[in-house]
Protein chains: 2
Amino acid sequence: MKKFEEKTIHTDSIYKGKVISLQVDDVSLPDGNTSKRELIKHPGAVAIIPVTQEGKLVMVEQYRKALERSLVEIPAGKLEPGEGPEETAKRELEEETGYTTDKLEFVTSFSTSPGFADEIVHVYLATDLKKAESKLDGDDDEFVELLEVSLEEAEQMERDQRIWDAKTAYALLYVKLKGLMV
Amino acid sequence: MKKFEEKTIHTDSIYKGKVISLQVDDVSLPDGNTSKRELIKHPGAVAIIPVTQEGKLVMVEQYRKALERSLVEIPAGKLEPGEGPEETAKRELEEETGYTTDKLEFVTSFSTSPGFADEIVHVYLATDLKKAESKLDGDDDEFVELLEVSLEEAEQMERDQRIWDAKTAYALLYVKLKGLMV
């Protein structure tokens with residue numbers, strides 16, 4: 001999986017932040033010419049498709065500064081150092097929704113923006129949801145509202161672009177194809 | 001769609017590149033506290049789901065420096081200034097695959113990484129594909145190999161993670177749900 005490999009000639013580290021870093025690489029192309037690649041480093045994330053016993057999808061609404069608007073999404077969160085994706089998925093599910101589960105199934109993983117970022121999202125299906133005895137606290141700077149919606153409601157939200165991100169669009173096709181929701 | 005709005009107090013422009021820009025915003029949160037948001041600006045992109053008369057999916061393999069490996073993806077490309085998404089979709093389809101079509105249907109659009117980037121991908125279904133008389137030239141620094149695969153072959157590539165990005169994962173569920181491929 002190195003077809004058309006672009007070899008790094010030089011890396012210019014531009015910024016190291018709390019969540020992302022930016023570097024610009026000079027690369028040599030397969031034809032011997034050179035080019036520049038602007039690259040974002042990200043720790044990776046998980047996303048959870050939580051389906052209740054009643055066949056409703058548990059979602060969260062939050063403000064997304066990058067888009068200057070709020071979005072309704074499936075719960076998600078960044079991997080913390082030393083934490084495996086399954087552990088992150090259980091923690092984020094509890095922090096964002098107040099649900100716990102022992103039934104977490106790996107669905108898939110994918111790169112979100114392979115053209116400029118190394119972010120990988122690991123997607124899990126969570127069923128057999130139980131209300132946690134006491135809700136874990138999330139990040140101090142996260143304000144999130146919980147929603148439980150039917151497939152029809154979710155699809156309407158998608159047409160209205162209240163749902164408007166790739167992982168949630170993927171999740172809606174997935175639950176529909178698997179017949180997991182009412 | 002401004003729930004939990006985060007108001008900008010100050011913007012620090014860190015980098016303006018060929019494809020992406022980076023800024024760090026100081027924001028005031030709904031509870032009056034402040035936080036920082038690291039934000040990537042991107043011009044937006046289109047992705048095309050090209051299905052041949054024989055029900056095969058046309059895909060491209062290319063090196064993705066951000067991931068240091070090659071990926072098999074549906075054709076995609078950035079919006080150019082002044083260019084509408086449908087126009088970009090037709091151009092990228094021809095540049096990357098050598099196919100043209102008069103039958104391009106809007107499928108959906110979504111944000112790829114709402115946590116840190118404003119990139120939106122507009123997804124189109126392309127059918128009634130015809131070989132272009134002369135192939136348009138793409139970008140000088142893009143090396144791309146063409147593949148035409150069945151649904152079964154594509155799903156195997158996904159299990160092998162040769163297909164490993166969100167827009168293509170979405171596309172595979174979409175063609176399966178719609179029964180568009182053999």
Nearest-0.5 Å distance that lies between atom [atom1] in [X] and atom [atom2] in [Y]:
X        : Y        : atom1 : atom2 : answer
A:Lys2   : B:Ser70  : NZ    : OG    : 8.5 Å
A:Arg64  : B:Ser113 : CZ    : OG    : 9.5 Å
B:Thr112 : A:Glu119 : OG1   : CD    : 8.0 Å
B:Phe4   : A:Tyr63  : CZ    : OH    : 12.5 Å
B:Thr108 : A:Glu158 : OG1   : CD    : 5.0 Å

Heavy-atom pairs under 4.5 Å with chain A, option from B:Arg37, B:Lys65, B:Gln23 with the top count
B:Lys65
Ranking B:Gly17, B:Ser35, B:Ala45, B:Pro30 by heavy-atom pairs under 4.5 Å to chain A gives rank one to B:Pro30
Are B:Lys3 and A:Glu145 close enough for a salt bridge, meaning some N to O gap below 4.0 Å?
yes
Assess whether a salt bridge exists between A:Lys36 and B:Asp141, defined as any Lys/Arg side-chain N lying under 4.0 Å from an Asp/Glu carboxylate O.
no
Joint hydrophobic cluster, [X] plus [Y], side-chain heavy atoms closer than 4.5 Å:
X        : Y        : answer
A:Leu129 : A:Val149 : no
B:Leu125 : B:Phe106 : no
B:Ile48  : B:Tyr174 : no
A:Val107 : B:Val175 : yes
B:Val123 : B:Tyr99  : no

Counting only heavy atoms from other residues, nucleotides and ligands, does the tally under 6.0 Å from [atom1] of [X] exceed 12?
X        : atom1 : result
A:Lys16  : NZ    : no
A:Lys103 : NZ    : no
B:Gln53  : CD    : yes

Tell me, side chain or backbone of B:Ser109 under 4.5 Å from chain A's heavy atoms, or both, or neither?
both
So, the part of B:Lys178 with a heavy atom under 4.5 Å from chain A: the answer is neither
For the interface with chain B, which of [options] has the highest count of heavy-atom pairs at distances below 4.5 Å?
options                              : answer
A:Lys176, A:Arg159, A:His42, A:Lys18 : A:Lys18
A:Asp118, A:Leu39, A:Leu177, A:Asp25 : A:Leu177
A:Glu38, A:Arg69, A:Glu6, A:Met1     : A:Glu38

Contacting region of A:Asp31 [heavy-atom separation from chain B under 4.5 Å]:
both
Heavy-atom contact with chain B under 4.5 Å, split by part of A:Gln161
both
With side-chain contact (heavy atoms from CB on, under 4.5 Å) as the criterion, how do B:Leu29 and A:Asp140 come out once you've worked through the C-alpha distance, each side chain's angles and the decisive distance to 0.1 Å?
CA-CA 10 Å; B:Leu29 300 171; A:Asp140 282 348; over 6 Å; no
State, to 0.1 Å, how close A:Leu71 and B:Pro114 come at their nearest heavy-atom pair, and which atoms those are.
CD1-CB, 3.9 Å
Under a side-chain separation threshold of 4.5 Å, the hydrophobic residues clustered together with B:Val19 are A:Ile14, A:Tyr15, A:Val19, A:Ile20, A:Leu22, A:Val24, A:Ile40, A:Phe116, B:Ile14, B:Tyr15, B:Ile20, B:Leu22, B:Val24, B:Ile40, B:Phe116
Could you list which of residues 75-86 of chain B have a heavy atom closer than 4.5 Å to any heavy atom of chain A, in residue-number order?
none
What parts of residues 54-62 of chain B touch chain A if we use heavy atoms and a cut-off under 4.5 Å?
B:Glu61, B:Gln62
Within residues 162-173 of chain A, which residues come under 4.5 Å of chain B, heavy atom to heavy atom?
A:Arg162, A:Trp164, A:Asp165, A:Ala166, A:Lys167, A:Ala169, A:Tyr170, A:Leu173
